[in-house]
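Here is the structure we will look at.
Bear in mind the structure is a predicted one, so any value in this text is a computation, not a measurement. Starting from 1, each residue takes its place in the sequence as its number.
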Amino acid sequence: MTRTFLLSPAYAGGRRAQMLLSERAKFPLAQRLRAGEAVSLGEVFAFLSGLYFRGKLAYANTFASDFERVLVITPTRGLVPAQMLVTSADLREFAEVDIAADDPRYRKPFERDLRRLGKRLTPECDVVLLGSIATG
């Protein structure tokens, strides 16, 4: 049985994102981003969301057959692997769009990627959503 994990996104426009992108930030992740280094989306969202995203990511990485089957729902790009490298510019892009079902900047890329994923599914593949069922 193959499993693909979909992780609900972290909010990229909040206080932790402001801390991460601050010119005054001294912690290593912020310094790496400020230096122009790309870091994994999973690492960034784990910082933005704290334990909630970190737990989902750890679970998915443990039980997925490979890292390409751990996909994150993003505010603007649909489903992307948690290992995808992002920059501070990418985070600013994510922060500009609300994660809202009625926002086409979020919804259209997400629906596009869900259709693509659906075409690749077989009876031997489970899709596991790690997120809140209380949201749209």
Side-chain angles (χ1 to χ4, degrees):
M1 180 67 64
T2 303
R3 286 192 178 87
T4 297
F5 292 88
L6 306 182
L7 284 64
S8 61
Y11 180 53
R15 294 189 114 167
R16 292 186 66 88
Q18 292 171 1
M19 289 171 41
L20 185 58
L21 296 173
S22 170
E23 292 296 321
R24 297 185 315 264
K26 303 274 190 230
F27 54 96
L29 181 59
Q31 290 177 332
R32 289 167 47 208
L33 280 168
R34 195 169 43 250
E37 184 178 333
V39 297
S40 79
L41 178 64
E43 183 178 6
V44 170
F45 275 17
F47 175 82
L48 295 181
S49 184
L51 291 176
Y52 181 63
F53 190 89
R54 193 173 308 140
K56 293 185 298 186
L57 183 60
Y59 183 89
N61 283 335
T62 298
F63 293 105
S65 56
D66 64 67
F67 291 124
E68 290 298 312
R69 294 201 171 273
V70 179
L71 303 174
V72 178
I73 303 166
T74 64
T76 61
R77 298 185 188 171
L79 299 172
V80 299
Q83 294 297 318
M84 181 184 90
L85 297 178
V86 295
T87 64
S88 57
D90 297 320
L91 297 182
R92 287 184 182 88
E93 172 193 315
F94 293 157
E96 292 176 6
V97 176
D98 283 334
I99 301 162
D102 62 347
D103 188 332
R105 298 171 297 170
Y106 163 71
R107 188 178 184 114
K108 287 184 183 220
F110 185 37
E111 288 177 339
R112 174 202 64 214
D113 291 348
L114 286 175
R115 282 191 296 276
R116 287 179 185 164
L117 178 62
K119 290 177 183 176
R120 295 191 338 238
L121 294 180
T122 66
E124 295 80 35
C125 182
D126 285 336
V127 177
V128 179
L129 172 63
L130 297 175
S132 173
I133 60 169
T135 60

Which heavy atom in [X] sits nearest to a heavy atom in [Y], and how many Å separate them?
| X | Y | answer |
| --- | --- | --- |
| A95 | A12 | CB-O, 3.1 Å |
| L33 | S88 | CD2-N, 3.7 Å |
| R24 | R34 | N-NH1, 4.4 Å |
| A82 | L57 | CB-CD1, 3.7 Å |
| A46 | R54 | O-NH2, 3.7 Å |

Within a strict 4.5 Å, meaning less than it, do heavy atoms of the [X] and [Y] side chains meet?
| X | Y | value |
| --- | --- | --- |
| L79 | R116 | no |
| K56 | S8 | yes |
| P81 | E68 | yes |
| N61 | F5 | no |

Could you check whether any side-chain N or O of [X] sits under 3.5 Å from a backbone N or O of [Y], counting only pairs where one atom can act as donor and the other as acceptor?
| X | Y | answer |
| --- | --- | --- |
| T62 | A58 | yes |
| R105 | P75 | no |
| S49 | Y52 | no |
| D90 | T87 | yes |
| R107 | D102 | no |

Given the rule that I, L, V, M, F, W and Y join up when any side-chain heavy atoms are under 4.5 Å apart, are [X] and [Y] in one cluster?
| X | Y | answer |
| --- | --- | --- |
| F53 | F47 | yes |
| V44 | L130 | yes |
| V80 | V127 | no |
| V70 | V128 | yes |
| L71 | L129 | yes |

- Task: Give the C-alpha distance, both sets of side-chain angles, the deciding distance and a yes or no for side-chain contact (heavy atoms from CB on, under 4.5 Å) between I99 and I73.
- Result: CA-CA 9 Å; I99 301 162; I73 303 166; 5.8 Å; no
Rounded to the nearest 0.5 Å, what separation is found between the [atom1] atom of [X] and the [atom2] atom of [Y]?
| X | Y | atom1 | atom2 | result |
| --- | --- | --- | --- | --- |
| L7 | T74 | CG | OG1 | 12.0 Å |
| D113 | R77 | CG | CZ | 12.0 Å |
| L20 | Q18 | CG | CD | 11.0 Å |
| L6 | F110 | CG | CZ | 6.5 Å |
| T2 | R120 | OG1 | CZ | 11.5 Å |

- Message: Angle between ring planes, F94 versus F45, binned at 30° and 60°: parallel, tilted or perpendicular?
- Response: perpendicular
- Start with the C-alpha distance between R3 and D126, add both sets of side-chain angles, then the distance that settles side-chain contact (heavy atoms from CB on, under 4.5 Å), and finish with yes or no. CA-CA 5 Å; R3 286 192 178 87; D126 285 336; 3.8 Å; yes
